[in-house]
Amino acid sequence: MLDEKKLQEFAGKAVGDVAGAMSLLMAYIGDQAGVYVAMDGAGPMTADALAERTGLNARYLREWLSANAVAGYVDYDPASDRFTLTPEQATILAREGQPACMQGFFQAVLSQFEMHDQAVKTFKSGKGRPWSEQSPCCFCATDRFFRPGYAANLVEHWIPSLDGVKDRLEAGGRIIDIGCGHGSSTVLMAQSFPNATVLGIDFHAPSIEAARKKAADAGVENIAFEVATAQDFPGSDFDFACIFDALHDMGDPVGAVRHIREALKPDGTFMVVEPIAGDALAENMNPISQIFYSLSTTICVPASLSQDVGYGLGAQAGEKKLTAVLNDGGFSRVRRATETPTNMVLEARA
Ligand SMILES: C[S@@+](CC[C@H](N)C(=O)[O-])C[C@H]1O[C@@H](n2cnc3c(N)ncnc32)[C@H](O)[C@@H]1O
């Protein structure tokens with residue numbers, strides 16, 4: 001029998017989710033139109049004053065500000081009819097490059113709504129969908145979403161958490177970043193370890209093009225990029241190999257790990273950064289996992305199923321499954337070196 005109270009509660013939750021989905025779109029519009037940046041530090045403003053400041057249409061701004069005020073994305077003072085972006089809201093919505101800025105996160109979700117027809121088709125077919133068939137917005141969003149976390153953690157926390165790696169790379173050595181995407185992690189390592197050389201590889205040619213441009217814009221020279229798969233990239237005698245949020249996207253993660261093992265020096269270290277997750281669904285009943293399981297349904301699992309083997313690890317594989325993949329690929333010593341609220345960092349050695 002239908003429990004009326006439970007029905008009302010669930011309906012309320014669903015309405016909240018619809019409101020949240022619309023908030024993401026409003027936030028993205030504000031991001032792309034530069035409204036949050038214009039409001040950051042500007043104090044309380046009427047819609048008309050904001051229109052003057054931004055050159056945007058006052059009527060659209062009033063509607064947009066109203067949506068944002070109800071969402072709690074801006075503050076509203078009814079007495080003066082003024083809107084304010086607080087420092088906390090600005091940190092999440094306006095301050096590009098800060099680890100807490102979530103615009104890249106929002107953009108990743110919107111990139112999935114953009115391709116909703118394709119997502120339904122893939123889901124119903126049970127077939128894979130290559131990474132290259134995501135919207136271009138998805139590639140930029142992935143980079144934008146992950147980059148601040150890498151900037152805050154990679155050199156300061158993750159590499160120092162590995163046994164002897166920081167000292168080794170400061171002295172020199174060869175680094176390979178596998179599935180490097182737009183190359184933010186690759187460029188960071190090249191900048192931070194000027195005595196080392198860094199190779200970034202990815203099988204998605206447009207991403208490698210973007211990565212090369214990023215390195216050229218940053219003026220780093222101890223870096224190179226190649227279009228190659230994780231299972232057959234060129235080169236050997238690497239001191240340090242790493243994969244950032246990409247192992248679970250691969251069709252043959254065990255084959256990739258095996259190839260990485262062969263390309264590393266015998267005493268080299270492999271660092272695997274993956275989305276944080278417990279080993280079982282029951283341990284993952286939280287909003288971060290909800291987001292990752294969803295993105296995994298439309299991006300990661302289809303990307304893996306579209307490749308040879310089609311292992312389908314999923315973005316919430318958990319440490320046990322990841323360790324089994326690393327063991328099967330030839331790394332006998334695996335430990336969780338460190339973690340953040342969104343990522344776990346595994347250190348693997350032969
Ligand atoms: C979620 S993105 C992460 C990109 C980048 N590491 C980052 O953190 O921004 C996953 C990346 O894995 C790459 N990828 C997936 N399967 C691959 C394979 N078998 N060989 C090489 N790259 C692969 C995709 O092209 C994509 O750039």
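We count ligands from 1, going down the list as the structure has it; atoms in each ligand are counted the same way.
- Taking atom 2 (S) of ligand 1 as the reference point, the nearest protein heavy-atom neighbour is W131 CH2, 3.6 Å.
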Query raised in the report: Going through the distances and angles, do D202 and S207 end up as a side chain to side chain donor-acceptor pair (under 3.5 Å)?
Result: CA-CA 7 Å; D202 198 292; S207 288; 5.1 Å; no

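- Considering backbone and side-chain atoms together, A230 places an N or O closer than 3.5 Å to an N or O of ligand 1.
- The aromatic rings of H204 and W131 lie perpendicular to each other, with more than 60° between the two planes, well past the 30° mark.
- Looking at ligand 1, you'll find an N or O of F244 within less than 3.5 Å of one of its N or O atoms.
- Every atom of ligand 1 with a heavy atom of H204 under 4.0 Å away is listed here by number and element: 25 (O).
- If you check each of V227, T229, I243, D245 against atom 1 (C) of ligand 1, the one with the closest non-hydrogen atom is D245.
- A side-chain donor from one of E4 and Q8 sits under 3.5 Å from a side-chain acceptor of the other.
- Ring orientation note: the planes of Y150 and W158 are nearly perpendicular, at an angle over 60° on the 30°/60° scale.
- Scanning all protein heavy atoms for the shortest distance to atom 16 (N) of ligand 1 gives Q307 NE2, 3.1 Å.
- Taking only non-hydrogen atoms, the option from A210, A246, P253, G179 nearest to atom 6 (N) of ligand 1 is G179.
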Requested in this report: Take K13 and E9 through the salt bridge (charged side-chain N to carboxylate O under 4.0 Å, His left out) test and state the conclusion after the steps.
Outcome: CA-CA 6 Å; K13 180 192 153 26; E9 277 170 9; over 6 Å; no

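- By the 4.5 Å heavy-atom criterion applied to side chains, P44 and D77 are not counted as neighbours.
- Contact annotation for R147 and ligand 1: no heavy atom of the residue comes within less than 4.0 Å of the ligand.
- Salt bridge present: K265 and D239 bring a charged side-chain N and a carboxylate O closer than 4.0 Å.
- By the criterion of a heavy-atom distance under 4.0 Å, the side chain of Q231, and not its backbone, is placed next to ligand 1.
- Between A38 and L50 the shortest heavy-atom distance is CB-CD1, 4.5 Å.
- Nearest to atom 14 (N) of ligand 1 among the protein's heavy atoms is F203 CE2, 3.4 Å.
- With ring centers used as reference points, F244 lies 6.0 Å or more from F146.
- Residue T142 has no N or O atom closer than 3.5 Å to an N or O atom of ligand 1.
- Scanning I178, D202, D232 for the heavy atom closest to atom 25 (O) of ligand 1 points to D202.
- With a heavy-atom cut-off of 4.0 Å, A228 touches ligand 1 through its backbone alone.
- Which parts of ligand 1 touch M250 is read off a 4.0 Å heavy-atom cut-off, strictly below it: atoms 16 (N), 17 (C), 18 (C), 19 (N).
- In this structure, the side chains of L247 and V257 come closer than 4.5 Å at one or more pairs of heavy atoms.
- Checked by distance only, ligand 1 and Y150 come closer than 3.5 Å through their nitrogen or oxygen atoms.
- Of the residues listed (N68, D75, T84), the one engaging Q89 in a side-chain contact (heavy atoms from CB on, under 4.5 Å) is D75, and it is the only one.
- Note on ligand 1: C180 sits in its first shell, one or more heavy atoms being nearer than 4.0 Å.
- By the criterion of a heavy-atom distance under 4.0 Å, the side chain of F146, and not its backbone, is placed next to ligand 1.
- Looking at atom 10 (C) of ligand 1, its nearest protein heavy atom turns out to be D249 OD2, 3.3 Å.
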